[in-house]
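First comes the structure, then the notes that go with it.
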Amino acid sequence: MSFLVGLESYAALLCYLIGAALSTGAGLWVASFGDRDRPDRGAVIAACTAMGIWCVVSLAFAPGEPAIEIAATARNLALIAVIFRLFSADGRDESLKPTRPVILSLALVQLMQPVLLFVNAQAGMIPEVAQIVFEVGTVLNMLVAIGALVLLHNLYAGAAASSRKIIRWSWIGLAGIFAFDLNLFTVAYLGGEFPAVLVSMRGLAGGLMVGLLALGANSANASLQFRPSRAVTFQTLSLLVIGSYLLVMVLVTRSLALLGGDIARASQIVFIILAGVAAILWLPSERLRAWLRVTATKHLFQHRYDYREEWLRFTRTIGRGSNANASFYERAVKAIADITDSPAGLLLEPNEEAQLELTARWNWTTIEVPAAAGDYGLSGLLEQHNHILDLDEVRRGTDHHGELKHVPKWLCEAEDAWAVVPLIHFDRLVGTIVLARPRIERGLDWEDFDLLRVVGQQLASYLAEQAGQQALMDASRFDEFNRRMAFVMHDIKNLASQISLLSGNAQKHADNPDFRADMLVTLRNSSEKLNSLLARLSRYGPGQTNEVREVDLAKIAGGIAKRFKSVHPVTLTRADPVQVLADGESLEQALIHLVQNAVDASDPSSQVFISVAADGLRGQIDVVDAGAGMSPEFVRGSLFKPFVSSKQGGFGIGAFEAREMIKAMGGRLNVESREGVGTRFNITLPVPEAAKLLEKREPSNEQEIA
């Protein structure tokens with residue numbers, strides 16, 4: 001116990017020592033840097049000096065000594081003088097003459113302390129007299145603190161906006177000193193003795209508040225503002241509520257103790273149980289937190305919303321859901337509902353007939369929404385005016401833009417429905433958000449309308465982007481299907497061209513046995529090709545081939561040349577034996593595309609040449625014609641672009657499909673062409689040995705990188 005007492009005494013000495021240093025420094029700072037034309041300058045210097053002297057005296061004498069009380073009286077008189085001079089600094093010393101009697105009364109009440117000290121010195125040995133002196137002294141100090149706080153309230157409440165900036169810091173410092181004293185003497189009066197902790201901290205608190213008083217003595221600091229964040233404010237309010245609750249519990253239990261006996265103990269037990277149950281039910285509730293937020297926003301801040309925090313929360317909610325099951329549309333509703341503390345919401349979007357339909361709901365499973373949630377008239381009204389519907393106004397019959405006849409009956413009958421926020425993107429309504437009523441009921445004001453309108457426009461852009469992405473995905477699926485069908489039609493067209501040329505030549509060479517043999521081969525190949533089209537349809541498109549294996553380039557090239565022999569002069573000029581890794585069927589199909597293009601670009605008597613060669617690492621096939629040729633611009637920008645063709649009635653996908661097939665097999669397709677000279681297509685594919693070498697090098701490269 002003595003150890004704790006020692007700690008308290010050392011803490012008290014330290015607090016009063018710091019208070020004396022701060023007070024002295026504040027007085028010197030005001031004397032050196034304070035505004036010399038301020039009416040309160042002398043009073044502030046005197047208050048700083050008196051505060052410093054009081055702290056020093058408190059260090060030098062034991063608690064309760066008359067010297068300390070006399071120094072405290074001088075300190076309070078100096079502070080009261082500062083309050084009076086602040087009225088002068090505000091320019092209202094003549095217009096507020098009724099304050100002078102109040103100032104004089106406070107000074108007289110404070111001067112009663114020396115009288116009590118004299119009475120205590122004469123008859124303090126009598127316990128009853130000492131108790132009366134203690135109680136009267138604490139009451140007088142409480143009266144001084146209350147009177148000073150009332151004066152300070154009138155001073156700040158009646159000051160002009162420009163004057164408030166000048167007296168702000170001085171007002172905070174004085175209010176802090178007298179508020180501390182009021183708490184100190186109230187607890188002392190109720191407890192019958194001075195609380196040691198508050199007495200120890202009194203010097204430090206006085207020094208800090210005098211520092212604020214000195215800060216306000218310079219007009220250059222008038223623009224300084226203390227702006228706590230809303231989170232700090234809400235937490236502080238929560239602590240004040242909890243602290244007030246605990247204080248009430250202490251006061252009530254101590255009051256019940258005055259009853260004495262078993263009744264007092266039973267009453268205390270019952271009260272503590274009831275208070276504990278109330279704390280468990282009330283303190284953690286969402287309603288209490290919502291009430292604190294509304295109260296703090298209404299009375300402590302200029303604006304209802306912390307726009308930076310609201311915007312960050314909005315983007316976080318849209319960017320990622322609070323849980324994995326929340327869809328984008330549910331997050332969109334939540335993002336706006338969180339702004340107004342609405343517990344639920346709906347997203348309605350217009351259909352093709354401009355009727356609003358339910359798209360998503362967030363935390364609102366109880367409300368029944370019809371299939372047609374709103375008619376086209378409501379959609380048009382919201383789109384035209386970008387008007388946020390206050391449903392309470394609608395229920396009262398207030399009509400701004402003729403919306404009363406368009407608001408659906410189900411929305412008016414839903415008492416929880418609070419507001420309808422239109423989502424406008426480039427003057428087009430992309431949806432509406434229906435918000436549920438907040439837990440703490442309040443009306444919508446201009447700040448709600450402004451923020452909800454801006455956030456609604458931002459959310460509308462997200463919804464429009466989402467709809468655009470979905471449309472692109474759908475179009476991509478249709479495009480893939482159409483492209484595959486175009487490939488099939490192109491293959492059929494090639495076969496039809498071969499059969500057409502074959503039938504034309506049959507009229508001239510029907511009697512030739514060799515021609516009839518070639519014709520039968522061509523017809524059989526064409527029939528096989530048509531039969532395999534459906535089986536091959538699923539693998540059309542970029543990057544879709546069967547498994548690659550070793551194939552003979554010369555054999556494939558020879559088969560293609562033989563197939564076209566009865567249709568057009570196609571000659572295999574070189575056939576080096578070379579094995580490459582490829583899908584034989586896809587490679588054959590790509591070659592058919594290229595040879596058919598060469599045939600179409602050449603005169604009937606002009607030769608098309610195919611050659612097969614190898615350079616050690618790759619196998620090559622060249623398809624060369626002496627046709628019309630292509631310009632560099634066409635080769636660079638249009639040759640491999642789907643559905644762009646230089647031929648009359650062409651599909652424009654032969655070269656594109658050939659390149660994609662070859663690329664999927666690990667090869668390359670190059671083209672050289674000159675207008676009026678002809679074209680050369682070059683296919684290169686890796687030989688098995690080169691592919692194995694590359695597979696061995698890739699892991700080692702990864703290890704080196706690692």
Side-chain angles (χ1 to χ4, degrees), residues 487 491 494-495 497-499 501-502 514-515 517-533 535-536 539-540 544-599 602 607-625 654-655 657-671 679-693:
F487 290 151
D491 293 342
N494 288 341
L495 294 174
S497 298
Q498 296 175 21
I499 295 174
L501 289 174
L502 184 63
D514 294 335
F515 174 80
D518 291 338
M519 181 179 66
L520 291 175
V521 172
T522 302
L523 288 175
R524 184 170 59 252
N525 291 335
S526 298
S527 176
E528 293 174 356
K529 194 66 177 177
L530 287 172
N531 290 330
S532 65
L533 280 178
R536 293 171 47 246
R539 65 178 179 81
Y540 271 101
Q544 297 181 357
T545 64
N546 293 332
E547 184 178 358
V548 296
R549 60 184 184 277
E550 293 187 20
V551 297
D552 189 344
L553 281 186
K555 182 178 179 180
I556 293 178
I560 297 297
K562 190 174 182 180
R563 176 179 296 186
F564 279 86
K565 183 178 179 181
S566 60
V567 176
H568 188 89
V570 176
T571 304
L572 181 62
T573 60
R574 182 177 177 181
D576 293 348
V578 55
Q579 297 286 326
V580 296
L581 290 178
D583 173 17
E585 188 177 0
S586 297
L587 178 58
E588 180 182 356
Q589 184 64 29
L591 274 173
I592 290 174
H593 285 317
L594 298 181
V595 174
Q596 184 64 51
N597 285 343
V599 170
S602 304
Q607 290 275 347
V608 173
F609 303 100
I610 302 177
S611 65
V612 178
D615 63 354
L617 295 177
R618 293 179 297 272
Q620 301 184 50
I621 300 180
D622 290 338
V623 178
V624 182
D625 67 75
E657 185 184 23
R659 186 184 67 170
E660 296 301 315
M661 287 181 173
I662 294 168
K663 185 187 297 183
M665 292 181 282
R668 294 187 61 184
L669 174 60
N670 300 314
V671 59
T679 303
R680 174 178 175 265
F681 285 95
N682 173 255
I683 299 174
T684 60
L685 292 164
V687 300
E689 292 77 8
K692 293 178 182 178
L693 180 61

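If you're wondering where the values come from, they're calculated on a predicted model, not measured in any experiment.
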Subject >> Side-chain heavy atoms of V624 within contact of T679, under 4.5 Å >> reply: no

Subject >> Within-4.5 Å side-chain heavy-atom neighbours: H593 and Q589 >> reply: yes

Looking at [atom1] of [X] and [atom2] of [Y], how far apart are the two atoms once the value is rounded to the nearest 0.5 Å?
X    : Y    : atom1 : atom2 : value
T684 : I662 : OG1   : CD1   : 8.5 Å
L669 : I683 : CG    : CD1   : 6.0 Å
L581 : R618 : CG    : CZ    : 14.0 Å
F681 : L591 : CZ    : CG    : 11.5 Å
R659 : K663 : CZ    : NZ    : 4.5 Å
I592 : N597 : CD1   : CG    : 12.0 Å

Original post:
With sequence neighbours left out, what residues match A575 under side-chain contact (heavy atoms from CB on, under 4.5 Å)?
Top reply: A554, L572

Original post:
By side-chain contact (heavy atoms from CB on, under 4.5 Å), which residues pair with S602, not counting sequence neighbours?
Top reply: H568, S606, V608, D625

Original post:
Does the pair T571 and Q607 meet the rule for a side chain to side chain donor-acceptor pair (under 3.5 Å), with working shown?
Top reply: CA-CA 7 Å; T571 304; Q607 290 275 347; 2.7 Å; yes

What residues form a salt bridge (Lys or Arg N to Asp or Glu O under 4.0 Å) with [X], not counting sequence neighbours?
X    : result
R680 : D622, E672
D576 : R574
R668 : none

Subject >> Salt-bridge present (R563, E588; N to O < 4.0 Å) >> reply: yes

Subject >> Audit row: I610, T573, side chain to side chain contact (heavy atoms under 4.5 Å, CB included) steps and yes/no >> reply: CA-CA 6 Å; I610 302 177; T573 60; over 6 Å; no

Subject >> Shortest non-hydrogen separation from A614 to V578 and the atoms involved >> reply: CB-CG2, 3.7 Å

**OP:** Looking only at non-hydrogen atoms, find the nearest pair between M665 and A582 and report the distance.
**Re:** SD-CB, 3.7 Å

**OP:** Under the side chain to side chain contact (heavy atoms under 4.5 Å, CB included) rule, what do D583 and M661 come out as? Steps first, then yes or no, please.
**Re:** CA-CA 9 Å; D583 173 17; M661 287 181 173; over 6 Å; no

Subject >> Counterpart residues, side-chain hydrogen bond (donor to acceptor under 3.5 Å, both in side chains), relative to E550 (two or more places apart) >> reply: none

**OP:** Take V551 and L685, measure what side chain to side chain contact (heavy atoms under 4.5 Å, CB included) needs, and give me the verdict at the end.
**Re:** CA-CA 11 Å; V551 297; L685 292 164; 6.0 Å; no

**OP:** Please test V570 against K565 for side chain to side chain contact (heavy atoms under 4.5 Å, CB included), starting from the C-alpha separation and ending with a verdict.
**Re:** CA-CA 6 Å; V570 176; K565 183 178 179 181; over 6 Å; no

